[in-house]
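The next block holds one structure in the form of structure tokens; read it before the comments.
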Amino acid sequence: MSTPHPAIRVTGLRKAYGKKLVLDGIDLEVPAGTIFALLGPNGAGKTTTVQILSTLIDADAGDIRIDGRDPARDPDAVRDAIGVTGQFSAVDNLLTGEENLKLMADLRHLDRAAGRRRVAELLDRFDLVEAARKPVVTYSGGMRRRLDLAMTLVGSPRVIFLDEPTSGLDPRSRRTMWQVIRDLVGGGVTIFLTTQYLEEADQLADRIALLDHGRLVAEGTPDELKRRIPGGHVQLRFTDPTGLDLAARMFGDGSRDDDALTLRIPNDGRVRSLRTLLGRLDDASIEVEELSVHTPDLDDVFLTLTGQPHKERATVR
Ligand code: ADP
């Protein structure tokens with residue numbers, strides 16, 4: 001099915017709280033059937049963006065189309081087309097998973113039989129059959145997130161907003177969630193996710209936008225963003241200044257740190273080039289204390305583009 005319009009189109013989006021400018025003119029376009037990641041540190045404006053795009057709050061300025069509709073003029077049509085999970089989720093902790101889903105089926109006006117079928121199907125798909133009759137308060141973080149997402153799928157949304165879908169999850173639950181998200185897109189929906197995890201955006205997104213203090217500082221595919229930064233390198237640490245001197249003379253293009261006794265050398269990190277590098281050091285009898293390989297990641301992108309390291313580093317490799 002082809003859609004004539006992008007799933008999300010935003011131009012000149014602005015929002016201030018009092019004197020605090022939170023979004024300072026954002027432009028975005030997300031093609032249907034793709035995953036878009038809005039990446040940024042805490043306080044960048046990610047949640048505010050999702051709240052505006054999903055009709056929860058109004059923008060001060062800007063033009064927005066979600067699935068072709070304007071949330072300011074036609075909020076009901078937008079709400080019909082979208083699903084939202086995250087910090088303001090509708091999950092009720094005192095109800096069971098099944099009850100939560102049934103409630104959502106009622107809210108979405110599914111008839112009884114269709115509602116029951118949909119609930120059973122979602123419990124199965126999100127691996128919640130065993131926990132279905134237990135109150136959500138007993139669920140693990142990962143189970144809660146899966147239920148949250150299942151609830152948004154009751155209404156068969158075409159665009160899904162996931163606000164920090166894996167924050168606080170352990171690596172295994174995070175991976176499970178990633179797979180769930182990938183499967184959704186396989187089914188044709190569009191996903192707009194916000195994340196503080198560089199790794200997550202890299203793993204999932206077709207396109208990434210970096211948000212910093214309410215402005216987009218970069219936008220592109222993960223590969224495009226990586227190409228905008230210096231390439232990979234290896235860092236060598238020597239046992240004494242003589243080793244550092246000799247190596248620096250041999251690899252003239254490296255950058256050295258005399259205090260730390262280290263030398264950085266541009267290198268793609270492949271086994272073949274590492275072997276060549278080590279072979280040259282060996283031939284010259286230069287002893288290396290430690291070698292670390294650094295391939296560029298989105299953290300480097302952030303550092304290069306904003307001049308600040310990303311505070312919350314990705315914890316999953
Ligand atoms: P993120 O999701 O990227 O962490 P938010 O969109 O939650 O960022 O917040 C962006 C900025 O807007 C923050 O400085 C936050 O304190 C401020 N902010 C968010 N909501 C409100 C509000 N209701 N009133 C005042 N300031 C707010």
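A quick note: this is a predicted structure, and the numbers were derived from the prediction, not measured.
- At a threshold of 4.5 Å between side-chain heavy atoms, the hydrophobic network of Ile, Leu, Val, Met, Phe, Trp and Tyr places V234 and I286 in one connected group.
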For a side-chain contact (heavy atoms from CB on, under 4.5 Å) check, start with the C-alpha distance between R125 and L153, then their side-chain angles and the critical distance, and finish with the verdict. CA-CA 11 Å; R125 177 163 160 203; L153 293 183; 4.0 Å; yes
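- Rounded to the nearest 0.5 angstrom, E219 CD and F36 CZ are separated by 5.0 Å.
- A donor-acceptor distance shorter than 3.5 angstrom exists from the side chain of R145 to the backbone of S167, with no hydrogens or angles considered.
- Distance alone, capped at 3.5 Å, places no donor-acceptor pair between the Y197 side chain and the D202 backbone.
- A salt bridge is defined here as a Lys NZ or Arg NE, NH1 or NH2 lying under 4.0 Å from an Asp or Glu carboxylate O, and R158 with D67 meets this definition.
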Check the pair M177 / T166 against side-chain contact (heavy atoms from CB on, under 4.5 Å), numbers first and verdict last. CA-CA 7 Å; M177 198 66 182; T166 68; 3.8 Å; yes
Where do D63 and R65 land on the salt bridge (Lys or Arg N to Asp or Glu O under 4.0 Å) test, with the steps shown first? CA-CA 7 Å; D63 192 58; R65 292 289 181 281; 3.3 Å; yes
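- Residues T11 and D27 approach most closely at CA-OD1, 3.2 Å, considering heavy atoms.
- Here the side chains of L274 and V271 are not in contact, with every heavy-atom distance at 4.5 Å or above.
- Heavy atoms from other residues, nucleotides or ligands lying under 6.0 Å from CD of E130 number 12 at most.
- Distance check: I35 CD1 to F192 CZ gives 13.0 Å after rounding to the nearest 0.5 Å.
- Side chain of S173 to main chain of L169: no donor-acceptor pair is present (N/O by atom type, distance under 3.5 Å, no hydrogens or angles).
- Ion pair K102/E99 not flagged as a salt bridge, since none of the NZ, NE, NH1 or NH2 atoms sits closer than 4.0 Å to an Asp/Glu carboxylate oxygen.
- Between P222 and I208, the closest side-chain pair of non-hydrogen atoms falls below 4.5 Å.
- The shortest distance between side-chain heavy atoms of Q235 and L291 does not fall below 4.5 Å.
- The backbone N or O of D258 sits nowhere less than 3.5 Å from a side-chain atom of T262 that would complete a donor-acceptor pair.
- Remark: the backbone N or O of G214 is not paired with any side-chain donor or acceptor of D24 at under 3.5 angstrom.
- Of the possible donor and acceptor atoms, none in the side chain of E121 sits under 3.5 Å from a partner among the backbone N and O of R118.
- Between V154 and L101, the closest side-chain pair of non-hydrogen atoms falls below 4.5 Å.
- Note: L210 CG to R215 CZ = 15.0 Å, rounded to the nearest 0.5 Å.
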In sequence, state the C-alpha distance, the side-chain angles, and the governing distance for E164 and K46, and then conclude on salt bridge (Lys or Arg N to Asp or Glu O under 4.0 Å). CA-CA 9 Å; E164 308 211 357; K46 302 182 299 296; 3.6 Å; yes
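- Atom CG of L28 and atom CG of L38 lie 6.5 Å apart (nearest 0.5 Å).
- Judged purely by atom type and a 3.5 angstrom limit, T49 uses its side chain to pair as donor or acceptor with the backbone of G45.
- Within the 4.5 Å cutoff, the side chain of L281 has heavy atoms near those of the L236 side chain.
- Contact annotation: the side chain of I8 never approaches that of E29 to less than 4.5 Å [non-hydrogen atoms, C-beta and beyond].
- Between H294 and H233, the angle of the ring planes stays under 30°, which puts this pair in the parallel group of the 30/60° scheme.
- Look at D170 and R172 and you find no salt bridge, because none of the NZ, NE, NH1 or NH2 atoms lies under 4.0 Å from a carboxylate O.
- T194 and D163 share a donor-acceptor pair across their side chains, judged by distance under 3.5 Å alone.
- Put simply, M250 and L244 are part of the same group of oily side chains (I, L, V, M, F, W, Y) that touch within less than 4.5 Å, one to the next.
- The pair R256-D245 meets the salt-bridge criterion, since a charged nitrogen lies less than 4.0 angstrom from a carboxylate oxygen.
- To the nearest 0.5 Å, the span separating CG on D74 from CD1 on I66 amounts to 12.0 Å.
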If you apply the rule side-chain contact (heavy atoms from CB on, under 4.5 Å), what do you find for T190 with I160, and how did you get there? CA-CA 6 Å; T190 306; I160 300 177; over 6 Å; no
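- Under a cut-off of 6.0 angstrom, the local environment of CZ in R182 is crowded, with over 12 non-hydrogen atoms contributed by other residues, nucleotides or ligands.
- Between the side chains of T195 and E200, at least one donor N or O lies within less than 3.5 Å of an accepting N or O.
- Between D282 and R280 there is no salt bridge, since no side-chain N of the basic residue sits under 4.0 Å from a carboxylate O of the acidic one.
- Shown are V78, I52, I82; of these, the side chain to side chain contact (heavy atoms under 4.5 Å, CB included) with P71 is made only by V78.
- Seen from the ring of F251, R264 does not count as a face-on cation partner, given the 6.0 Å and 45° thresholds.
- Neither side chain, T96 nor R133, offers a donor N or O lying under 3.5 Å from an acceptor on the other.
- Side-chain atoms of T34 and V185, non-hydrogen and from C-beta on, never get closer than 4.5 Å to each other.
- The existence of a salt bridge linking D148 and R146 is excluded, since no basic side-chain nitrogen approaches an acidic carboxylate oxygen closer than 4.0 Å.
- Looking at F238 and E287, their side chains never come closer than 4.5 Å, going by heavy atoms from C-beta outward.
- At a threshold of 4.0 Å, the pair R79-D76 counts as salt-bridged, since one of the basic side-chain nitrogens sits closer than that to a carboxylate oxygen.
- If you take CG on L110 and CZ on R117, they are separated by 9.0 Å, rounding to the nearest 0.5 Å.
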